[in-house]
Amino acid sequence: MAMRSMLTSSGIMDNEADPSYFPFNDLTLMGSTGGLSPYSGSQGNMSITSPMSTSSSPMHITDNYINLTNASVQVLGEPYINILVHPMDKFRFRYKSEMVGTHGSLLGASNGRRRNKNNVPTVQLHNFLDKAIIRCTLVTTDDEHTPHAHRLVKRMGTTDIDDPHDIEVSSANDFTAEFHSMGIIHTARKNIKDEIVRKLRAEVLEERKRSNFNATLSLRDDAQIKADAERYQKIINLNTVTLCFQAFIKDQHNVMRSITTPVYSNPINNLKSALTGELKICRIDKYTSSCEGGEEVFILVEKVSKKNIKIKFFELNDDDIEVWTDYGRFSELDVHHQYAMVFRTPPYKDLYITSPREVFIQLERPSDSDCSEPIKFTYKPSDRMIGRKRTRVSHSNSEELAQMAFNLDTPLMNTPLMNVPSNNDSTEISKEIKKMLEDKCSSSEFKEFVDHINLDLYENLLAQSEENKLTYDGAPSKKDNEMFAKNVIIDTIKRIKANPDKSKDIIVNMLKDRTTYGDSPLHYALRYGQKDVIKRILMLMSFVRTKSEELVNIQNSSGKTPLHYAVSQEHAEITNALLILGADPNISDHYGQMPLHRAVKFPEAKASIDVLLAEEKINIETNTDLGWTPLQLAAEAGSYYAVCSLIKAGADVNNTDMSYGRTALHIAVEGGHKDIVELLLKNTKIDVNKRNFSGNTALHTAVVTPGMKAKEICALLLKYGADPYIRNFNREPSNIEGDQVQNIKTEIHSDDENMKESIGQSSFDLASNKPDILQLVSNQNDTSLGAIKCKEENIDDTQKVWMDAVQEKQLADILDETKGWKKLARHLNFENLFNNFEESSSSSTLLLLNYIAIQTNISLSDLQNILQSIGEESAAVYIGQILSVLS
DNA sequence: CACCTTTTCCC
DNA sequence: CGGGAAAAGGT
């Protein structure tokens, strides 16, 4: 729309007070139809060549002003009109039947600075001294600016007066015309032609009167008008109009003569239409996401067009300046019937945030860059990031000293735990834990551990760490600071020392302590990656083996057990230890996530996954509350290793997610995880053509997935038998182009042969605007079995461009000679059908070609490509010739 | 008949 | 008024 207004003279004149500017050069380029000449060359080309369009041609106007305002022009220059206030860009067009009572009138655009009470479309005439008339009419928004079929009416008392609306200007009103209380009447479709005829008649009559004030319309004029009206009604866009302003003076016969070129307002769009209507997010199923993004969000929206809509995420700083922008991830298949969409959140710019960040989401329509009102959205710190961030920040002296404090005691505990663990280190830990658990923590060892811990040094550190204490989610409390778990251990040991007889009770009670988020000490140590503390807790637990099961399965306030946190970290031995202590791998958190669901998302959790999967009782097909199995989540996260492990463990690859019926294959395709796609196709019995709830196969998804890998993934799918002819359940006419002046009614696209006869979109349809993928889909398919079975539905499609008999014969000769027809048959998997052709009469190729022509969807260029690929050079060249003749 | 769009109606 | 929705029309 922006571009459009640049093209009109009004766009240029707007707010320009430069009187030396004359739009005449533009006018010559733009054609002279303006709002006034109905005849604009029957081809719809530049109308200056039309003999009939003279009313506002540059020549004509020049004549006018020389005759009429000669003197003043010498001094002032050409008269011109300048738009002071444009009309509002959105307005409800009302049907005639709705025009009872009063409805809002067309106001001026809410111009930033001038906040006028009576803000209405306003224009001013310049370089003219006498009184004149400024006329306002309704015209189309396209370059021709022909009279619009809708009516621009002005309410006078109880009656509506049609355009043109004339306002007299003079020095008395500063040559300014304000157009008040106008409305736009939406002409019913059946009346459109009549309305256009009526307007054209009035115009042409006026035009005729300029040369002869007694003139009437000739038969020829009438015929021409009817023809034009016929043409206009086909291309008219009923949802956008433009105001046309032009200045006139009346001659001695009361005939209007123009003194300026017409100028055009910005377009006015119908507020009730889908194409130009208001963008709005009506409802959203959740307004938060982890800062990592990738979370599915459902929104209900006012009518959108799936090919012309984006979901923008942005953040403003304190000065309302946009500091971050990204877009929701979705394909056109995720837009449901123009009223709802499902997308994935983009990752936030900072994955290490420790407090929530407020951002905004809004709908954005690329065609006119219009946007909905933004709504708030919150990015939350990532669960998995907590530990890391902490670890990094807390690499302070006190941390290391704290380590030493612990390291002074038993020889078992002397590894530098907070360092990045080397292999040695981790086997060391593993051994320790194993030993610890196997020995069931012999009481002597336990006693030694309790006796030798260096509490004094540790307590000093406590005070010290107060200063650089880290806050968690902005709400530090005694139980929520980083020392929580350590404090519990210290307290426990102190109490045991004081009361050795009750050590088991003390341990059980102390390890049940919780933070305000419901974390037990073990949760806490795990979440903060305090490995040394973890070990100590495990040790304490192993000492109370009978109660350990209860302790190790404590759920925090989001329902997570320590195992949930253990599995996302790389120390599988901790996971193992928890399981030995009786952790139940099947406990779900409040989102229905079991530890396995969580683990599959973390690249560093590979070993833990295998440990989990080794558990006999683990259930690997459980759905989360969102209806996803671990395998599907792994596919979503792109965790190749996890997918592998799950498949080995017997996960059902054809299981589908409950919310959309996707298999892991759909999901991997959606995420662009080519490695996983290949793994699934190659090594499992996954159904490549399984359809989700919308009827989409993985190939449908692949075709509409943005990004470089999409093509390769399509190729893979096709290679493994994906059928591009399968249609989804989409029933919409998918041809609403995002382009500005498109009117649905005028769409007579017939280049989409597949489209018309049956319902739903095939992968071809979806690929129609992606040439490379389309080609891939077409070529590949013809080589696959899929090609045969789909033919039935296309048999009635006889429009197929094919060779004529002579050409067919020639091609057959070529292929008969080289025996290339055999290769072709084999390539198309038609071998069985043609096995005994050789014996049969005439040309085998001819039969084959006939079969291809009638029974398949293979086009000439497809055939050319196939021949090329099987090395039938000369045959391919021959088809190339046919094709070039055809085009 | 099912499903859209357009037009009319109503609060 | 602005918004919603039923009725009428079209495929």
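Here is how names work: the chains are called A, B, and so on, in the same order as the sequence lines, proteins then strands, and each is numbered from 1.
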Hey, what are the protein-to-nucleotides 9-11 of chain B N/O distances that come in under 3.5 Å?
{"residue": "B:dC9", "atom": "N4", "partner": "A:Glu98", "partner atom": "OE2", "Å": "2.7"}

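Between A:Lys96 and A:Glu195, no side-chain nitrogen of the basic residue sits less than 4.0 Å from a carboxylate oxygen of the acidic one, so the salt-bridge criterion is not met. Between A:Asp222 and A:Lys226 there is a salt bridge, since at least one side-chain N of the basic residue sits less than 4.0 Å from a carboxylate O of the acidic one. Between A:Lys154 and A:Asp163, none of the side-chain N atoms (NZ, or NE/NH1/NH2) sits under 4.0 Å from a carboxylate O, so this pair counts as no salt bridge.
One can place CG of A:Asn237 at 16 Å from P of B:dT5, the figure rounded to the nearest angstrom. Atoms CG (A:Leu271) and P (C:dC1) sit 14 Å apart, rounded to a whole Å. Taking atom CE of residue A:Met99 and atom C1' of nucleotide B:dT7, one finds them 15 Å apart after rounding to whole Å. B:dT8 atom C1' lies 14 Å from atom CG of A:Asn191, rounded to whole Å. A:Lys190 places its NZ atom 12 Å from the P atom of C:dA8, with the value rounded to the nearest Å. Rounded to whole angstrom, the span from the NE2 atom of A:His186 across to the C1' atom of B:dT8 amounts to 13 Å. Going from atom CZ of A:Phe93 over to atom C1' of B:dT6 covers 15 Å, rounded to whole Å. Residue A:Leu107 contributes atom CG, which lies 12 Å from atom C1' of C:dC1 at whole-angstrom precision.
Of the residues A:Thr240, A:Asn266, A:Asn239, A:Asn269, the one that meets the side-chain hydrogen bond (donor to acceptor under 3.5 Å, both in side chains) test with A:Thr141 is A:Thr240.
Taking the ring pair (Phe, Tyr, Trp, His ring centres under 6.0 Å) definition, one finds that A:Tyr287 meets it with nothing, sequence neighbours left out.
A ring-centre distance under 6.0 Å is found for A:Phe93 and A:His150.
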